Amino acid sequence: MKRRRFLEAALVGSAAGLAGCGQPTGRNTQPNTTSTSETETTTGTPPNSVGLRTLASGMQAPLDVAFAPGADRRYIAEQTGVVHLHGPNGLRDEPFLDLRDTVEAGGEMGLLGIALHPNFAENRRLFVRYSSQARSGTPPTYSHTFVLSEFVTTEDGKRAKRDSERVVLEIPEPQSNHNAGDIKFGADGYLYVAVGDGGGGGDQGTGHVSDWYDTVDGGNGQDVTKNLLGSVLRIDIDDRAKGKGYAIPNDNPLIGTDGLDEHYAWGFRNPWRMSFDRGDLFVSDVGESSFEEVNLVQKGGNYGWNIKEGTHCYEADGCPDATPGSVRDGEPLALPIIEYPHSGGSVSGISVIGGYVYRGSALPAMEGTYVFGDLQAAGRLFAATRPDRNGQWPTRVLSVAGDGGRKIEQIFSFGRDDGGELYVLGIGADGDGGLHRIVPAG
């Protein structure tokens, strides 16, 4: 299908794609970084193919999964607003949590992320990120409200108490797309929250502010003072500041400066999925018109949108590599560790779906490999390996053996359990949504 038609067919009969690609609107220059084909690697070579073992099926749009510690239990979040419990006997018929009366689903809206508290086994606290109808404080011209909420489960962890909801954070969303939605706890115990740039195209239009870069209008990605859009946030959900459902970690990068204290990193368009691995934070950012990217995110980092799309200047023949000295002392625009085009290569696609570094035992040759994918998967996964010097990570197609490829015609998300094994969530060629474990081929 044409790219627009594919996206229109994506999820829940929506008129837009889940991970939010825009239409081609401008020109891009050549990148100014080392190409993936020229970069050496220090890790082992992953296999050419893997298999998929289906754990759960029969879902519409499974977008995220969380693994209960010390139990054979998985919580699968569907875009429609339902969280399923999957255990040794399969999917339970009764929802673990049903938010369909609250969630606005369709297009890029819906129940977008789930995370268990690091002490979930003791306190039974979990967090979800969803789209709601416009709430108090959201301008009347805006699309909807971003909601981050906490719930408590029963003692056995098999049902969330619907009436236990505590709203942690709400953000007005100008348009219906670029909602990001992932939430992850870091090893520091803080909750990291991915927030898109507010929607539309080019970080422009309703709800998009002016920034320091005059060559291209916009936008929320480069501004850190007027809203929380286009960023990764870091908050302390175990404490609360006056008037808020959370506190600010005292080492967040903008504390004491001209910026909103929740920001951890900025310069993102639609950071769809993120993951931690041994202190590294991987954030994939869906591109506008030509390139997809994955970033290795640092505290206080600026990841370039809407000055750059990947390593390329967006809507311009040339662009700066840093902010001016008057803007946060001239911070550099960080380059992605992975970039791929929308066409013209074996690794190509339309919307990057961030994954995880493999740390399991079933596929020892994949140790240390970053496995991810694209919305337009067509049965493909991607594998990237860390280079022995700075530059982009060598990336190649990781094919799915047998009929496994038909299970992931579209990929929506990945997961990693406590043993380091990886999982992929998506829809197959037959339209059936499922959760699949990545296993050896054959």
Side-chain angles (χ1 to χ4, degrees), residues 1-11 16-39 41 46-50 178 201 268-273 282-295 303-305 308-314 335-355 369-385 387 391-401 404-414 424 426-429 438:
M1 287 188 283
K2 296 287 187 181
R3 182 164 173 258
R4 168 61 68 181
R5 288 181 58 206
F6 179 87
L7 291 173
E8 288 175 349
L11 288 182
L18 175 69
C21 302
Q23 290 300 295
T25 56
R27 57 190 185 277
N28 293 270
T29 62
Q30 292 300 308
N32 55 1
T33 189
T34 307
S35 71
T36 57
S37 62
E38 297 171 345
T39 308
T41 179
N48 292 322
S49 64
V50 294
H178 302 184
F268 297 102
R269 179 181 179 272
N270 189 19
W272 172 242
R273 300 283 92 166
F282 295 81
V283 178
S284 62
D285 198 15
V286 177
E288 175 75 20
S289 57
S290 301
F291 298 97
E292 303 299 308
E293 66 181 87
V294 178
N295 298 282
Y303 292 86
W305 178 248
K308 294 186 177 184
E309 182 185 12
T311 62
H312 307 254
C313 297
Y314 174 70
L335 296 175
I337 60 166
I338 297 167
E339 175 188 85
Y340 64 88
H342 286 181
S343 62
S346 60
V347 177
S348 62
I350 58 172
S351 293
V352 63
I353 307 297
T369 300
Y370 178 72
V371 179
F372 68 110
D374 190 272
L375 175 67
Q376 190 173 341
R380 301 171 303 155
L381 301 171
F382 299 147
T385 50
Q392 291 200 7
W393 291 30
T395 303
R396 63 180 178 84
V397 171
L398 182 62
S399 63
V400 179
R406 290 182 53 81
K407 299 177 180 180
I408 50 168
E409 191 69 18
Q410 298 175 34
I411 291 175
F412 302 144
S413 194
F414 288 82
V424 57
I427 287 181
I438 297 175

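Here the structure is a predicted model, which is why all the values come from computation and not from measurement.
Put simply, the side chain of Glu339 never gets that close to the backbone of Phe291: no donor and acceptor are under 3.5 Å apart. Although no hydrogens or angles enter the test, the distance criterion places no donor-acceptor pair under 3.5 Å between the side chain of Arg380 and the main chain of Asp374. In terms of modelled atom types and a separation under 3.5 Å, the side chain of Thr395 and the main chain of Trp393 share a donor-acceptor contact. Between the Glu292 side chain and the Gly287 main chain, a donor and an acceptor come within less than 3.5 Å of each other. In this structure a side-chain-to-backbone donor-acceptor pair under 3.5 Å is missing from Asn270 to Asp285. Side-chain atoms of Arg273 never come within 3.5 Å of backbone atoms of Gly355 as a donor-acceptor pair (strictly under, hydrogens ignored). At least one donor-acceptor pair under 3.5 Å links the side chain of Ser399 to the backbone N or O of Asn48.
No option in Tyr370, Phe414, Trp272 other than Tyr370 meets the ring-ring contact (aromatic ring centres under 6.0 Å, His included) test with Phe282.
Checked against the 6.0 Å centroid criterion, the rings of Tyr340 and Phe382 qualify as a close aromatic pair.
Of all the heavy atoms in Ala383 and Thr369, the pair that sits closest is CB-CG2, 3.7 Å. The nearest pair of heavy atoms linking Glu288 to Trp305 is CB-CH2, 3.7 Å. When all heavy atoms of Pro336 and Asn295 are compared, the closest pair comes out as CA-OD1, 3.4 Å. Considering all non-hydrogen atoms of both residues, Pro271 and Val283 come closest at CB-CG1, 3.6 Å. Across every non-hydrogen atom of Val286 and Ile350, the tightest pair is CG1-O, 4.4 Å. Here the shortest heavy-atom pairing between Ser284 and Gly354 reads OG-N, 3.1 Å.
Taking OH of Tyr314 as the reference point, atom OG of Ser289 lies at 6.0 Å (rounded to 0.5 Å). One distance of note links CD of Gln376 with CD1 of Ile411; it measures 11.5 Å at 0.5 Å rounding.
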Chi angles and distances behind the side-chain contact (heavy atoms from CB on, under 4.5 Å) call for Phe372, Leu381: CA-CA 6 Å; Phe372 68 110; Leu381 301 171; over 6 Å; no
Ile427 vs Glu409, side-chain contact (heavy atoms from CB on, under 4.5 Å): CA-CA, chis, key distance, verdict: CA-CA 6 Å; Ile427 287 181; Glu409 191 69 18; 5.6 Å; no
From CA spacing to verdict: side-chain contact (heavy atoms from CB on, under 4.5 Å), Val424, Lys407: CA-CA 10 Å; Val424 57; Lys407 299 177 180 180; over 6 Å; no
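Sparse packing is recorded around CZ of Arg406, with 12 or fewer heavy atoms of other residues, nucleotides or ligands lying under 6.0 Å away.
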